[in-house]
Amino acid sequence: MSWRSQTFPECDDNSEVCLALYRKSLKSKDMDHDGTHFDGQYPHVFVTLGASGDLARKKIYPTLWWLYRDNLLPSNTHFFGYARSKTTINDIKTKCEPYMKVKPGEEERYAEFWKLNHYVSGNYNVRTDFEKLNQELSQFEKGAVANRLFYLALPPSVFEEVTILIRNSCMGEKGWNRIIIEKPFGRDLASSQRLSDHLASLFTESQIYRIDHYLGKEMVQNLMTLRFGNRIFGPTWNRDNIASIQISFKEPFGTQGRGGYFDEFGIIRDIMQNHLLQILTLVAMEKPASCLPDDIRNEKVKVLKSIKSLELHDVVLGQYVADPEGEGEAKLGYLDDPTVPKGSLTPTYAAAVLRINNERWDGVPFILKCGKALNERKAEVRIQFEDVPGDIFDGKPKRNELVIRVQPGEALYVKLMVKTPGMAFDMEETELDLTYGHRYAEQSNCKEDHMGKCYTVKLPDAYERLILDVFCGSQMHFVRSDELHEAWRIFTPLLHEIESGGVKPIPYVFGSRGPKEADELLMKNNFTYTGSYKWYKRE
Ligand SMILES: NC(=O)C1=CN([C@@H]2O[C@H](COP(=O)(O)OP(=O)(O)OC[C@H]3O[C@@H](n4cnc5c(N)ncnc54)[C@H](OP(=O)(O)O)[C@@H]3O)[C@@H](O)[C@H]2O)C=CC1
Ligand SMILES: O=C1O[C@H](COP(=O)(O)O)[C@@H](O)[C@H](O)[C@H]1O
């Protein structure tokens, strides 16, 4: 069985979408020069519902343009926007402009892209409007086979009616139909289960693509390769060698005036229950039987099933307050945002300890940390190893750490001890450093430093990978309904307890590292921070 058909079970190796996938796996320089063209055998229509909104403008249209520009989509693809606004495709184009990143020389291709775009205005609850949309789509589906993709860039309030109308009036009859949905997938276990049941009554699981865009990030996808494509990590990837694992997400900005939206969810629903938990499953799961999406997702579900529901004593919650000396947004605390309800107790920071009750991980704390209005932008996985047993160096060795930096500046580094270079027989901390910007920079973008290395690397955006995966029919990087169920089971009791009103988040200053209580939680959970590590940074 080829890698392609293993990874993409619905993929006929000779179909154009599989070729597209193959192109995706090629190095970008090859993509530009390999001369392959995608003469579309079948028409595809990509429908963005909620085309006038923020997500469509900032993510979906730019992604479709980049995929089109790079010749990664089936060539006979048309793009439809659907929304209530009485607008035009030209208007949408204008609103998308700041996010499209059109480079000099691409203008002609860019104009071609917009020629393939159409807009239909209609309500989200009127059957005849969806019938009209269906008729419009059909005009671009000449021939025996045609495929449809529906992207629901919509608020959850209209989700149910829209999916019913798609099912009843818009399903293509000449090929496959795929429905792409975005979080929030409910607010808790019960509402998420209702949504899953609703979707299951309309579509098969193989038609549903639940996006968690962290699953589209380079270093998150790299976790499987790192673990299972190397001999070096496997033997130590367990409770005998690993002291604790931290998975963290930090953003240096607050609600930016959109606190009303954020306040309905809070940081646990926004980041921890989905992005961080997905990363945890990839770090902790057993080796799947194959790279088939369901083999992988089966292993992820097993990890989740081994985690007990979170309890309040394993959690630190915070809410940011103004930095009186700060500038711009930092002058405002969360509660100063006029869109946030007065006296809100919604956490903007959370640290939580999860334990996986299985043979590999029993006793190893998995610490998830996330927050807004912190001191930096960063997402990383930090695997801290146990102290060296039988130390002969007078307690000097510091713990090894393997750090997988998801963003910014994708990197993988191992902090380790070496003999201090020179006469002395001393030791010091250093790192084995695989910084992607050095190792994989594109020649054309290369800005050489004094060591002759490059600093920039071009990697696709998470949405580019994920939308292309939907065209290709690969659900490997999408969330299955049972994963979602388990994720909500873990967090729902805690969320309900927080929302019963009795839990006051700890204030932390905008631009700080968050509440000091989170560091105490780390200390109690076998993470040792020495603060002694110095990275030699070449400027
Ligand atoms: N290739 C590259 O680009 C490489 C870059 N480096 C850089 O070197 C710098 C330092 O490396 P790093 O691995 O972060 O090593 P450190 O051991 O210095 O820091 C580890 C992390 O510990 C956290 N921390 C800080 N104070 C405390 C505390 N009191 N208790 C618990 N945790 C604490 C911080 O993260 P948090 O605030 O999130 O808790 C910090 O980022 C980083 O900027 C890193 O990016 C290093 C190696 C290679
Ligand atoms: O899902 C979300 O993610 C973004 C952060 O995404 P990133 O790719 O920029 O790291 C976050 O800002 C937002 O609040 C959240 O809903």
Side-chain angles (χ1 to χ4, degrees), residues 54-55 58-59 182-185 211-220 244 246-256 258-259 261-276 278-279 316 348-349 351 367-384 398-416 429-440 453 455 457 461-463 466 508 511-539:
D54 214 50
L55 178 65
K58 290 186 178 152
K59 281 289 174 197
E182 280 272 352
K183 74 178 169 79
F185 308 124
I211 286 209
D212 180 318
H213 79 281
Y214 267 61
L215 291 178
K217 295 200 183 245
E218 179 71 29
M219 297 310 271
V220 175
S244 60
Q246 263 192 74
I247 304 173
S248 44
F249 166 96
K250 298 163 89 175
E251 264 179 354
F253 48 84
T255 52
Q256 298 182 315
R258 295 185 69 224
Y261 167 80
F262 181 86
D263 200 76
E264 280 180 42
F265 299 98
I267 197 75
I268 295 178
R269 288 190 183 90
D270 197 42
I271 304 288
M272 192 182 274
Q273 181 267 356
N274 36 74
H275 305 328
L276 299 193
Q278 281 294 330
I279 296 179
V316 170
T348 57
Y349 179 96
I367 305 151
L368 308 189
K369 296 192 313 183
C370 48
K372 300 237 170 211
L374 295 174
N375 59 332
E376 60 184 333
R377 173 169 185 254
K378 184 173 84 173
E380 67 176 25
V381 179
R382 189 173 290 266
I383 294 164
Q384 189 172 82
K398 305 273 164 44
R399 286 179 167 186
N400 293 135
E401 278 179 14
L402 166 63
V403 183
I404 299 146
R405 196 167 56 216
V406 175
Q407 64 189 35
E410 292 81 357
L412 191 75
Y413 57 95
V414 182
K415 288 160 63 174
L416 78 176
E429 291 171 287
T430 186
E431 73 282 328
L432 282 177
D433 173 15
L434 174 60
T435 297
Y436 273 43
H438 289 174
R439 181 66 178 78
Y440 296 116
K453 297 206 168 162
Y455 274 121
V457 59
D461 180 76
Y463 277 84
L466 295 176
Y508 63 94
S512 68
R513 288 187 51 254
K516 67 174 182 355
E517 287 77 355
D519 287 339
E520 288 161 15
L521 186 77
L522 294 184
M523 259 190 293
K524 275 196 279 175
N525 283 283
N526 209 4
F527 179 79
T528 303
Y529 176 72
T530 59
S532 55
Y533 172 66
K534 299 265 176 311
W535 182 53
Y536 168 66
K537 197 169 175 190
R538 287 184 297 267
E539 294 300 344

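In what follows, every heavy atom counts, from backbone to side chain, and hydrogens, waters and symmetry copies are set aside. Please read these numbers as outputs of a predicted model, since none were measured by experiment. Every number for a ligand or one of its atoms is a count from 1 in the order of the listing.
Near Glu251, meaning under 4.0 Å from any of its heavy atoms, are these atoms of ligand 2: 4 (C), 5 (C), 11 (C), 12 (O). Under a 4.0 Å criterion applied to the non-hydrogen atoms of Gln407, ligand 2 contributes the atoms 7 (P), 10 (O).
One finds a salt bridge joining Lys372 and Glu251 here, because a Lys/Arg side-chain nitrogen approaches an Asp/Glu carboxylate oxygen to under 4.0 Å.
The closest heavy-atom contact to atom 13 (O) of ligand 1, among the options Tyr413, Tyr533, Phe527, Trp535, comes from Tyr413. Considering Ile211, Asp270, Ile267, Thr255 only, the shortest heavy-atom separation from atom 13 (C) of ligand 2 involves Asp270.
Here the heavy atom of the protein found nearest to atom 19 (O) of ligand 1 is Tyr529 CE1, 3.7 Å. Protein heavy atom nearest atom 36 (P) of ligand 1, with residue, atom name and distance: Lys250 NZ, 3.3 Å. For atom 3 (O) of ligand 1, the nearest non-hydrogen atom of the protein is Arg405 NH2, 3.1 Å. At the top of the distance list for atom 39 (O) of ligand 1, counting protein heavy atoms only, stands Lys369 NZ, 2.5 Å. Of the protein's non-hydrogen atoms, Arg513 NH2, 3.8 Å is the one closest to atom 23 (C) of ligand 1. Scanning all protein heavy atoms for the shortest distance to atom 17 (O) of ligand 1 gives Lys415 NZ, 2.6 Å. Scanning the protein heavy atoms around atom 8 (O) of ligand 2, the nearest turns out to be Lys217 NZ, 2.6 Å.
Heavy atoms of Tyr214 found under 4.0 angstrom from ligand 2 belong exclusively to the side chain. With a 4.0 Å heavy-atom cut-off, ligand 1 is reached by no atom of Glu380. Residue Leu522 touches ligand 1 through its side chain alone, judged by heavy-atom distances below 4.0 Å.
For the pair Lys398 and Tyr533, the cation-pi criterion (under 6.0 Å, within 45° of the ring axis) is not fulfilled. Relative to the ring axis of Phe265, Arg269 does not place its NZ or CZ within 45° and under 6.0 Å from the centre.
Atom OH in Tyr214 sits 4.5 Å away from atom CZ in Phe249 (nearest 0.5 Å).
Put simply, atom 43 (O) of ligand 1 has no protein non-hydrogen atoms near it, under 4.0 Å away.
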